[in-house]
Colleague: 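One structure, as structure tokens, below. Some questions next.
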Amino acid sequence: MRDLFVYNSLSRKKEKFEPITPGQIGMYVCGPTVYSDVHLGNVRTFMSFDIIYRYLLYLGYKVRYVRNITDVGHLTDDGEDRMSKGAKKDQLEPMEVAHKYTVGFHDMMRIFNTHSPSIEPRATGHIIEQIEMVQAILDNGYGYEANGSVYFDTLSFMKDHPYGQLSGRVVEELFSETRDLKNQNEKKHPSDFAIWMKASEEHIMKWNSPWSLGFPGWHLECSAMSTKYLGKNFDIHGGGNDLKFPHHENEIAQNIGACKCSPANYWLHTNMLLMNGKKMSKSDGNTITPVQLFTGDSPHVSKGYDPMVVKFFMLQAHYSSTIDLTDDGLLAAEKGYKKLMEALKILKGLQTQSQAGAMDAEFERIMEEMHQNMSDDFNTPKVIANLFEIVSKINGLKGGQLDISELSDSCLTKLKETLSTFVFEILALKEELGGDNNSQTLDGLMGLILDIRRKAREEKNWETSDKIRDTLSALKITVKDGKDDSQWSLN
RNA sequence: GGUCGCGUGGCCGAGGGGCUAGGCAGAGGUCUGCAAAACCUCGUACGGCGGUUCGAGUCCGUCCGCGACCUCCA
């Protein structure tokens, strides 16, 4: 199997990837909290891990990809459970809220053409496992109970294990943090965190436990579910950069605290999606929903963009870099995306009889680079650069600037397969924009229309040929005349 | 304030001691009934100032600017 290198947040280095069990990978990614519509930033993160998942599969690994749904346990600023808050707002039962937004999340993931994970466990479905983990942490002396709530004892933990390694946090500094959080007085140390919370009277989602009628701390679900489905030690743990601290840090502490072993060998973090140079934020209006992006119904964009254009735009940046979402950037991505798709269509139609070709080596080189770039921490921007190198050549081959007889049949076949795999299976872009209007009927009609236009042009009947082109243009169909034939595409 | 990261040509965005990233926009040319597309050529870009080095956009120091995290966050 080809060597794979990944940037490990834990070591802050790029490392050669070595699975625990040869040929198999366990990967856990922190999923969304389903209390409101999916945020575009979530989309970027899950899209990035989808491509990582797909490439691992492509390399031949058997991958168990676990991505949770958080439907309980997150505290808001005022100490209220996020699910309950959403419920009050919408006049719905908490589980109704969770279900509604889970469905919405799945729909959006489908729109962006991502695979479903292997397992998608819910926090509320694993309360027992979480209670057991709290007990294990208590048994190991890394937790304490206070008024029915249970806290993780960071100082006690630090006597035996390092804490703060992932996020570079120094616990002593957390002393200086004076926060006015609820139940702060129950904690022995500011860096301690709740693993079980006693529920207040008005709290809706609560369960029985040895300590109180309450609910699990929000870092606990991932510890419990990753352990349940991937084992105490697994290969990859992923999530957004903003989860590094406190969430991932505490997750590690809980896993070690409960079973004395570090959960994941490789921690991968996706970076933030910015807009206008700042992190998207609902509170200051610096945000756009995926749907607004598709329809163009937002002051931040001049028009609507196809989900695949949005995806292509995101893939032009590395997953570990921030990307600034701008209208100019999207416009540029849209043109590039169309150019790529056009070239892929042209490639399909290319044929050659040659047995050996002078250009083979060049194409082989680029295809090899694509593999290397993808294996180098999933460098999609470089892969896209490789694709455009090939796009120029495909167009050159069609336009006659390059001679197809210098390309062997076997190399051309391989090129078709490789590009198709990379573009449609690994990057998981879709060929056609605008949904389902590329029916057979449309194909047939366009074939007929362009045939009539071709005859008109042969007769130099420009009036007719231009009328056809202009009318089609008004219907958002672009006609481009090539040397021998004309091509059409939907705008 | 603490921790981490970033600052690349008009815009986006890779790379990360000597080797053309790429896309979009722009200029010139080829092709063409016109248009569009395509193809060819063109930009000596790496925040400022020092330092290391035969050589720095790439390493080190420093300053400036920006962002993320430190509190729910993908």
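By convention in this document, chain letters (A, B, ...) are assigned in the order of the sequence lines, proteins followed by strands, and residues within each chain are numbered from 1. In this text, all values refer to a predicted model and were calculated from it rather than measured experimentally.
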Colleague: G48(B) and G7(B): how far apart are their C1' atoms, nearest whole angstrom?
Modeller: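 Here G48(B) and G7(B) have their C1' atoms 12 Å from each other.
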Colleague: Base of A36(B), side chain of Arg469(A) - is there a donor-acceptor contact under 3.5 Å?
Modeller: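 Per atom types, no contact qualifies.
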Colleague: Mind checking the C1' distance from C6(B) to C42(B)? Whole angstroms is fine.
Modeller: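 About 31 Å, rounded to a whole number of Å.
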Colleague: If a pair means Watson-Crick or G-U wobble with both distances below 3.5 Å, what does RNA chain B look like in dot-bracket form, with | marking bases paired to a different strand?
Modeller: (((((((..(((.....[...))).(((((.......)))))....(((((..]....))))))))))))....
Colleague: Of all the nucleotides listed (A74(B), C11(B), C39(B)), which has the minimum atom distance to the side chain of Asp328(A)?
Modeller: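 Of A74(B), C11(B), C39(B), C11(B) is nearest to the side chain of Asp328(A).
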Colleague: Please determine if a side-chain N or O atom of Lys339(A) lies less than 4.0 Å away from the OP1 or OP2 oxygen of C24(B).
Modeller: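 For C24(B), OP1/OP2 do have a side-chain N/O of Lys339(A) under 4.0 Å.
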Colleague: Distance between the C1' atoms of C12(B) and U3(B), in whole angstroms?
Modeller: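 So the two C1' atoms sit 29 Å from each other.
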Colleague: Considering only atom C1', compute the distance from C19(B) to A27(B) and round it to an integer number of Å.
Modeller: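 These two C1' atoms come out 28 Å apart once rounded.
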Colleague: Lys244(A) or Arg44(A): which one's nearest nucleotide on RNA chain B is closer to the 5' end?
Modeller: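 Here Lys244(A) is the residue nearer the 5' end.
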Colleague: Does Gln351(A) CD have over 12 foreign heavy atoms under 6.0 Å away?
Modeller: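 Atom CD in Gln351(A) is not packed in, count stays at 12 or less.
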Colleague: Over all strands shown, is Gly400(A) touching base, sugar-phosphate only, or nothing at heavy-atom distances under 4.0 angstrom?
Modeller: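 Since no nucleic acid heavy atom lies under 4.0 Å of Gly400(A), the category is nothing.
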Colleague: Is the shortest side-chain N/O distance from Ser321(A) to OP1 or OP2 of A14(B) below 4.0 Å?
Modeller: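 The answer is yes; a side-chain N or O of Ser321(A) sits under 4.0 Å from OP1 or OP2.
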Colleague: Atom CE of Met272(A) to atom C1' of G13(B): distance rounded to whole Å?
Modeller: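 Between C1' of G13(B) and CE of Met272(A): 18 Å.
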Colleague: For nucleotides A21(B) and C34(B), find the distance between their P atoms and express it as a whole number of Å.
Modeller: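 Comparing P positions in A21(B) and C34(B) gives a spacing of 36 Å.
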Colleague: Think Asn379(A) has a side-chain N or O under 4.0 angstrom from the OP1 or OP2 of G15(B)?
Modeller: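 True: Asn379(A) side-chain N/O within range (under 4.0 Å) of G15(B) OP1/OP2.
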Colleague: Mind checking whether Tyr53(A) and His115(A) have parallel, tilted or perpendicular rings, split at 30° and 60°?
Modeller: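 Perpendicular, since the angle between the ring planes exceeds 60°.
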Colleague: So that I know where these two stand, are Phe105(A) and Phe46(A) an aromatic pair - ring centroids less than 6.0 Å apart?
Modeller: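 When the ring centroids of Phe105(A) and Phe46(A) are compared, they turn out to be within the sub-6.0 Å range.
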Colleague: Please determine whether a side-chain nitrogen or oxygen atom of Asn241(A) lies at a distance below 4.0 Å from atom OP1 or OP2 of A68(B).
Modeller: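 Asn241(A) to A68(B) OP1/OP2: no side-chain N or O under 4.0 Å.
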Colleague: May I have the distance from Tyr7(A) (atom OH) to C6(B) (atom C1'), rounded to whole angstrom?
Modeller: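 Whole-Å distance recorded here is 13 Å.
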Colleague: For A25(B), does OP1 or OP2 lie under 4.0 Å from any side-chain N or O of Lys335(A)?
Modeller: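 Answer is yes, contact under 4.0 Å.
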Colleague: Please give the distance between the C1' atoms of U8(B) and A45(B) as a whole number of Å.
Modeller: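 Per the computed distance, 6 Å lies between those C1' atoms.
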Colleague: Could you work out which one of C39(B), A14(B), A74(B) sits closest to the side chain of Thr45(A)?
Modeller: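 Given the options C39(B), A14(B), A74(B), the side chain of Thr45(A) is closest to A74(B).
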Colleague: Pick base, sugar-phosphate or nothing for Val43(A), based on heavy-atom distances below 4.0 Å to the nucleic acid.
Modeller: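 No contact at all - Val43(A) keeps every heavy atom at 4.0 Å or more from the nucleic acid.
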Colleague: Compare the minimum distances between each of G2(B), G67(B), A36(B) and the side chain of Arg169(A), then state the nucleotide with the smallest one.
Modeller: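 Comparing G2(B), G67(B), A36(B) against the side chain of Arg169(A), the answer is G2(B).
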Colleague: Between G9(B) and G22(B), how far is it from one C1' atom to the other, in whole Å?
Modeller: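 Nearest-Å result for G9(B) against G22(B) at atom C1': 14 Å.
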Colleague: Is it the case that over 12 heavy atoms from other parts of the model lie below 6.0 angstrom from the CD atom of Glu120(A)?
Modeller: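 Check passes, neighbour count above 12.
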Colleague: Reckon His269(A) touches a base, only the sugar-phosphate, or nothing at all at heavy-atom distances under 4.0 Å?
Modeller: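 It contacts nothing in the nucleic acid.
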Colleague: For the pair made of CZ in Phe245(A) and C1' in A68(B), what is the distance, rounded to whole Å?
Modeller: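 Rounding to the nearest Å, CZ of Phe245(A) and C1' of A68(B) are 14 Å apart.
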Colleague: Angle class for the Tyr28(A)/Phe234(A) ring planes (parallel below 30°, perpendicular above 60°, tilted otherwise)?
Modeller: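 Tilted, since the angle between the ring planes falls between 30° and 60°.
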Colleague: So Leu331(A), base contact, sugar-phosphate only, or nothing? Heavy-atom distance under 4.0 Å.
Modeller: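 Counting heavy atoms under 4.0 Å across all strands, no contact is made by Leu331(A).
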Colleague: Could you label the plane-to-plane angle of the His247(A) and His219(A) rings as parallel, tilted or perpendicular, counting under 30° as parallel and over 60° as perpendicular?
Modeller: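 Because their plane-to-plane angle lies in the 30° to 60° range, the rings of His247(A) and His219(A) count as tilted.
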Colleague: Could you tell me the separation between the CD atom of Glu369(A) and the P atom of C19(B), rounded to a whole number of Å?
Modeller: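 Atom-to-atom, Glu369(A) to C19(B), this comes out as 16 Å.
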Colleague: CD of Glu362(A) versus P of U20(B): gap in Å, rounded?
Modeller: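 After rounding, the reported distance stands at 13 Å.
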Colleague: Report yes or no: is the cationic atom of Arg67(A) (NZ for Lys, CZ for Arg) closer than 6.0 Å to the six-membered ring centre of Phe49(A), at no more than 45° off its axis?
Modeller: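 Negative - Arg67(A) is either too far from the ring of Phe49(A) or too far off its axis.
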Colleague: Contact list please: residues 459-467 of chain A against RNA chain B, heavy atoms, distance less than 4.0 Å, in numerical order.
Modeller: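 Of all residues in residues 459-467 of chain A, the ones placing a heavy atom under 4.0 Å from RNA chain B are Trp462(A), Ser465(A), Asp466(A).
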Colleague: Can we call the ring centroids of His106(A) and Tyr101(A) under 6.0 Å apart?
Modeller: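 Judged by ring-centre distance (under 6.0 Å), His106(A) and Tyr101(A) do not meet the cut-off.
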Colleague: Go nucleotide by nucleotide along RNA chain B from the 5' end; which of Arg12(A) and Asp324(A) gets its closest nucleotide reached first?
Modeller: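 The 5'-side residue here is Arg12(A).
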Colleague: Whole Å only: how far is the CG atom of Asn395(A) from the P atom of A38(B)?
Modeller: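 Going from CG in Asn395(A) over to P in A38(B) covers 7 Å.
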Colleague: Please determine if Lys339(A) forms a cation-pi arrangement with Tyr337(A), meaning its NZ or CZ atom is less than 6.0 Å from the six-membered ring centre and no more than 45° off the ring axis.
Modeller: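 Lys339(A) over Tyr337(A) ring: no.
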Colleague: Is the Phe112(A) ring parallel, tilted or perpendicular to the Phe294(A) ring (thresholds 30°, 60°)?
Modeller: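 Plane angle between 30° and 60°, so tilted.
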Colleague: Rounding to an integer number of angstrom, what distance separates U53(B) and G16(B) when you compare their P atoms?
Modeller: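 That atom pair is separated by 24 Å.
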Colleague: Any side-chain N or O of Thr322(A) less than 4.0 Å from the OP1 or OP2 oxygen of A68(B)?
Modeller: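 For A68(B), OP1/OP2 do not have a side-chain N/O of Thr322(A) under 4.0 Å.
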Colleague: Give the nucleotide from the list G33(B), A38(B), A74(B) with an atom nearest to the side chain of Leu243(A).
Modeller: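 For the Leu243(A) side chain, the nearest candidate turns out to be A74(B).
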Colleague: Should we count NZ of Lys303(A) as having more than 12 external heavy atoms under 6.0 Å?
Modeller: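 Counting neighbours around NZ of Lys303(A), more than 12 heavy atoms of other residues, nucleotides or ligands fall under 6.0 Å, so yes.
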Colleague: Could you check whether the rings of Phe378(A) and Tyr55(A) sit parallel, tilted or perpendicular, using 30° and 60° as the cut-offs?
Modeller: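 Phe378(A) and Tyr55(A): perpendicular rings.
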Colleague: Provide, to the nearest angstrom, the distance between the CG atom belonging to Leu325(A) and the C1' atom belonging to A74(B).
Modeller: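 Going from Leu325(A) (CG) to A74(B) (C1'), I get 15 Å.
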Colleague: Look at all strands and tell whether Gly41(A) reaches a base, only sugar-phosphate, or nothing, counting heavy atoms closer than 4.0 Å.
Modeller: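 Base contact - Gly41(A) has a heavy atom under 4.0 Å of at least one base atom.
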Colleague: Please state how far atom CD1 in Ile477(A) lies from atom C1' in A35(B), giving the value in whole angstrom units.
Modeller: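 The answer, rounded to whole Å, is 17 Å.
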Colleague: Let's see if you can work this out: which of A14(B), A74(B), A35(B) has an atom nearest to the side-chain heavy atoms of Ala317(A)?
Modeller: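 The closest nucleotide is A14(B).
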Colleague: Taking N and O atoms by type only, does the side chain of Asp481(A) place a donor or acceptor under 3.5 Å from a partner on the base of C34(B)?
Modeller: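 Indeed, a donor on one side and an acceptor on the other fall under 3.5 Å apart.
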Colleague: I want to check something: taking the side chain as every heavy atom from C-beta on, are Arg457(A) and Ser486(A) in contact at a cut-off of under 4.5 Å?
Modeller: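 They are in side-chain contact.
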